[in-house]
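Encoded as structure tokens, the structure appears first; notes follow it.
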Amino acid sequence: MHNITLVKGDGIGPEISDAVLKIIETAGVKINWDIQTAGADVIAQEGVPLPERVLESVKRNKIALKSPVTTPIGKGFRSVNVQLRKELDLFSNLRPCYNLPNVKTRYDNVDIVVVRENTEDLYAGIERQIDENTAESIKRITRSASERIAKFAFDYAVKNNRKFVTVVTKANICKLSDGLFLDSARKVAQNYDIPLKEILVDNCCMQLVQNPNQFDVLLLPNLYGDIVSDLCAGLIGGLGVAQGANIGTDYAVFEPVHGSAPDIAGQNKANPTAMLMSAIEMLNYIGENDAAARIKSALFRTLEDNIKTADLGGNASCSGFTDAIISRLV
Ligand code: NAI
């Protein structure tokens with residue numbers, strides 16, 4: 001029996017969480033879920049969007065599966081997602097991006113792994129209003145955080161037989177901050193046989209759209225990593241299929257790349273694939289490799305049988321798609 005925290009999130013979070021729980025349960029994995037709530041809805045009762053109980057639960061269980069939590073735009077409380085990653089020191093955000101069967105995309109054979117630094121950069125939330133017409137945000141980059149994420153990217157590359165790592169910065173403009181990130185990657189690379197390539201983020205976006213097959217592992221600071229991973233999601237069929245994991249030294253939180261999708265929340269339209277793919281990686285992480293393989297195979301066969309949600313051009317509902325996966329589980 002595994003003890004795992006589930007942060008159900010809001011928006012489409014509850015629908016896709018329920019779908020994934022049902023699939024994992026049917027696959028026969030014994031998990032004692034510690035279900036936690038966070039976000040705007042808990043503020044009324046508990047005063048904060050990320051209560052201490054959520055952090056304590058993940059610290060106790062070490063592993064969490066999380067669905068998205070809405071962050072108010074341009075005002076309101078700080079992102080629960082960013083706070084969780086920072087508080088638990090989940091320094092690496094790992095987002096493997098590859099084509100799924102029968103999901104039509106512009107390019108075939110996309111196989112990119114985005115490694116995003118998860119704790120600093122503009123996401124440290126150091127902002128101030130100078131006066132009514134001026135505001136500033138501090139972009140903070142440290143050598144220790146840059147070196148450890150570079151090391152994570154290279155270790156991942158070695159372990160997974162990847163050919164090279166490309167560090168993505170804007171070090172021609174942000175000479176000190178991005179310059180430090182780049183310099184750290186160059187230093188770390190000296191300890192590995194895998195080559196390090198370098199590219200500026202604007203050119204990287206253009207190259208990704210024109211020829212994604214030229215990339216392998218991408219190593220990015222927090223902000224570029226956030227943006228480029230959505231771009232990469234677009235290359236493989238959209239946010240509905242893009243998986244992710246936040247991994248630190250002590251804890252790991254698995255969650256899809258996408259947000260809470262308020263435009264389709266509560267309508268049984270959400271694609272649970274991104275959350276399911278994140279959960280499959282979580283199962284591999286805890287050693288449930290057989291169940292992970294069986295669930296992945298059932299998911300792939302569902303897509304091959306042309307059962308898809310609306311974001312992929314199909315007409316299956318979230319629950320219909322889930323049941324189709326379950327009926328293919330062996
Ligand atoms: P979003 O990822 O929620 O949605 C962007 C578009 O993709 C929407 O049209 C949505 O319907 C579609 N989409 C996303 N996931 C889908 C799925 N599983 N199935 C089908 N369609 C899907 O991004 P948006 O609208 O910018 O953000 C909404 C909220 O989510 C914001 O409050 C944002 O801060 C939050 N957010 C939370 C994240 C997290 O919890 N890790 C990550 C990203 C955003």
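Every number for a ligand or one of its atoms is a count from 1 in the order of the listing.
- Using a distance-only test at 3.5 Å, with no hydrogens or angles considered, no donor-acceptor pair links the side chain of Q214 to the main chain of Q210.
- Residue contact check for ligand 1: R85 places a non-hydrogen atom closer than 4.0 Å to it.
- In this structure, T309 falls outside the shell of residues with a heavy atom less than 4.0 angstrom from ligand 1.
- Annotation: cation-pi geometry not satisfied between R328 and F321 (NZ/CZ under 6.0 angstrom from ring centroid, within 45° of ring axis).
- Among protein heavy atoms, atom 20 (C) of ligand 1 sits closest to I264 CD1, 3.6 Å.
- One option in T71, I12, D311 has a heavy atom closer to atom 16 (C) of ligand 1 than any other, and that option is I12.
- Ligand 1 does not have M275 within reach: every non-hydrogen atom of the residue lies 4.0 Å or more from it.
- The distance criterion of under 3.5 Å between nitrogen or oxygen atoms is met by D263 with respect to ligand 1.
- Considering backbone and side-chain atoms alike, L239 places every N or O at 3.5 Å or more from each N or O of ligand 1.
- Between D216 and T166 there is no side-chain heavy-atom pair separated by less than 4.5 Å.
- Ion pairing between E147 and K187 fails under the 4.0 Å rule for side-chain N and carboxylate O.
- The protein reaches atom 7 (O) of ligand 1 closely, with a heavy atom under 4.0 angstrom from it.
- One finds a salt bridge joining K8 and D18 here, because a Lys/Arg side-chain nitrogen approaches an Asp/Glu carboxylate oxygen to under 4.0 Å.
- Here the side chains of N61 and I4 are not in contact, with every heavy-atom distance at 4.5 Å or above.
- Atom-to-atom distance recorded for R148:CZ and S184:OG is 12.5 Å, nearest 0.5 angstrom.
- Between atom 25 (O) of ligand 1 and the options A265, P262, A270, the minimum heavy-atom separation is to P262.
- When D10, D226, I73, V69 are checked for heavy-atom proximity to atom 35 (C) of ligand 1, V69 turns out nearest.
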